[in-house]
Amino acid sequence: MPQNLTVCTWNINSVRIRLDILRDAVARLQPDILCLQETKCQDDRFPLAAIRDLGFPHIALNGQKGWHGVATFSRLPFAAIEKREFCGKGDARHIAVTLGAEAGLATPFTVHNFYVPAGGDIPDPDLNPKFAHKLAFLDELIAWERLPEQARAQAHTVLVGDLNIAPLETDVWSHKQLLTVVSHTPVEVERMRRFQATGPWVDVMRHFVPPEEKLFTWWSYRSPDWTANDRGRRLDHVWTSPSLAPHARAMTVLREARSWERPSDHVPVAVTFEV
DNA sequence: ATGGTTGTCAAACAA
């Protein structure tokens, strides 16, 4: 029996102060698997009861005090949870969950949830250690041996998260003006493409909104009115293994969430798969 | 060209 699985990703920028709009996002998107980034909450302070009340009994956490942090919630049970550390810094920037037979799935379904370093303001690794860290993080992703090739071909895998890079010209409000702005510089975009080629990973959001059209998931807080000239970027992504891409049925970028009370600067993105 | 805002945790720092 095929079933629909909706996977949602959202950089929530503090999970504890946004439980109300988290509830609204869940009501709108009805995800089966919800991946958050920038939870800014250590694991022993996580609002587990509130998440369970939203309909997610299965919770996988990788948090730290004050900043970063990722979390993945599920309506269906996990067969496995895995966390990876990058750049030997102890940062909480990745968690993966796998759903299997316990969740009623014949083919295991793995979801990687990433929070890639933002990279600071100056796009020069010699002058800016945060940009150097971002590039080193991407180099580790490129070198990441996920699965043997044969297993990779059969597995259903999703990679979501705030990747902090807008690769296409239409992923930013002005390609020309952002070429020297961290998130859209050629050196980052080139590394992202190399990482994408290792899967290979399929940019499934662009199966629903063609690459010729602008598509954003983030609008800066530093603008008095985010709607005024739509100066956004697509920093949040949903990638799939080639085997899973044809199973994608729908995609939503919940733009309205940017206007909710006390919003995150990112909005949720959801993709529904028939598996 | 510059500065603009938000969150953590209580002074800077990160985004």
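Chain letters run A, B, ... following the sequence lines, proteins first, then strands; residues in each count from 1. All values derive from a computational prediction rather than experimental measurement.
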*To the nearest Å, how far apart are A:D162 CG and B:dA14 P?*
17 Å
*Applying salt bridge (Lys or Arg N to Asp or Glu O under 4.0 Å), which residue pairs with at least one partner in residues 88-113 of chain A are found, sequence neighbours left out?*
A:D91-A:R93
*asked:* Regarding A:R231, tell me which of base, sugar-phosphate or nothing describes its non-hydrogen contacts under 4.0 Å with the strands shown.
replied: nothing
*5' precedence on DNA chain B between A:P263 and A:P117 (nearest-nucleotide basis)*: A:P263
*asked:* Quick check with a 6.0 Å cut-off and a 45 degree axis cone: is A:R75 positioned over the face of A:F56's six-membered ring?
replied: yes
*asked:* Expressed as a whole number of angstroms, how long is the span from A:I17:CD1 to B:dT5:C1'?
replied: 13 Å
*With a 4.0 Å cut-off, would you call A:D225 and A:R231 a salt bridge?*
no
*Whole angstrom is fine here: how far is it from NE2 in A:H68 over to P in B:dC13?*
15 Å
*Should A:K130 be listed as having a side-chain N or O under 4.0 Å from OP1 or OP2 of B:dA14?*
yes
_Between P on B:dG7 and CG on A:L19, what's the gap in Å once rounded to a whole number?_
14 Å
*Gap in Å between the two P atoms, one belonging to B:dA15 and one to B:dT2, rounded*: 23 Å
*Write down the distance separating the C1' atoms in B:dA10 and B:dT6, rounded off to the nearest Å.*
16 Å
*Rounded distance (Å) that lies between atom P of B:dA14 and atom CG of A:D91*: 11 Å
*Return the value, rounded to whole Å, for the distance between atom CG of A:D121 and atom P of B:dG4.*
14 Å
*Out of A:E213, A:R206, A:K214, which one pairs with A:T170 under the side-chain hydrogen bond (donor to acceptor under 3.5 Å, both in side chains) rule?*
A:R206
*Whole-Å distance between B:dT2 P and A:Q177 CD?*
15 Å
*Nearest-nucleotide wise, let me know which of A:G120 and A:R18 is further upstream toward the 5' end of DNA chain B.*
A:R18
*Could you state the atom-to-atom distance from CD1 of A:I165 to C1' of B:dA15 in whole Å?*
15 Å
_Going by side-chain hydrogen bond (donor to acceptor under 3.5 Å, both in side chains), A:Q37 matches just one of A:D162, A:T9, A:N11. Which one?_
A:T9
*Look at all strands and tell whether A:S223 reaches a base, only sugar-phosphate, or nothing, counting heavy atoms closer than 4.0 Å.*
nothing
*Hey, is the side chain of A:R262 poking within less than 4.0 Å of OP1 or OP2 on B:dG7, counting only N and O atoms?*
yes
*P-based separation of B:dA1 from B:dC13 [nearest Å]*: 28 Å
*Is any side-chain N or O of A:S220 closer than 4.0 Å to OP1 or OP2 of B:dG4?*
no
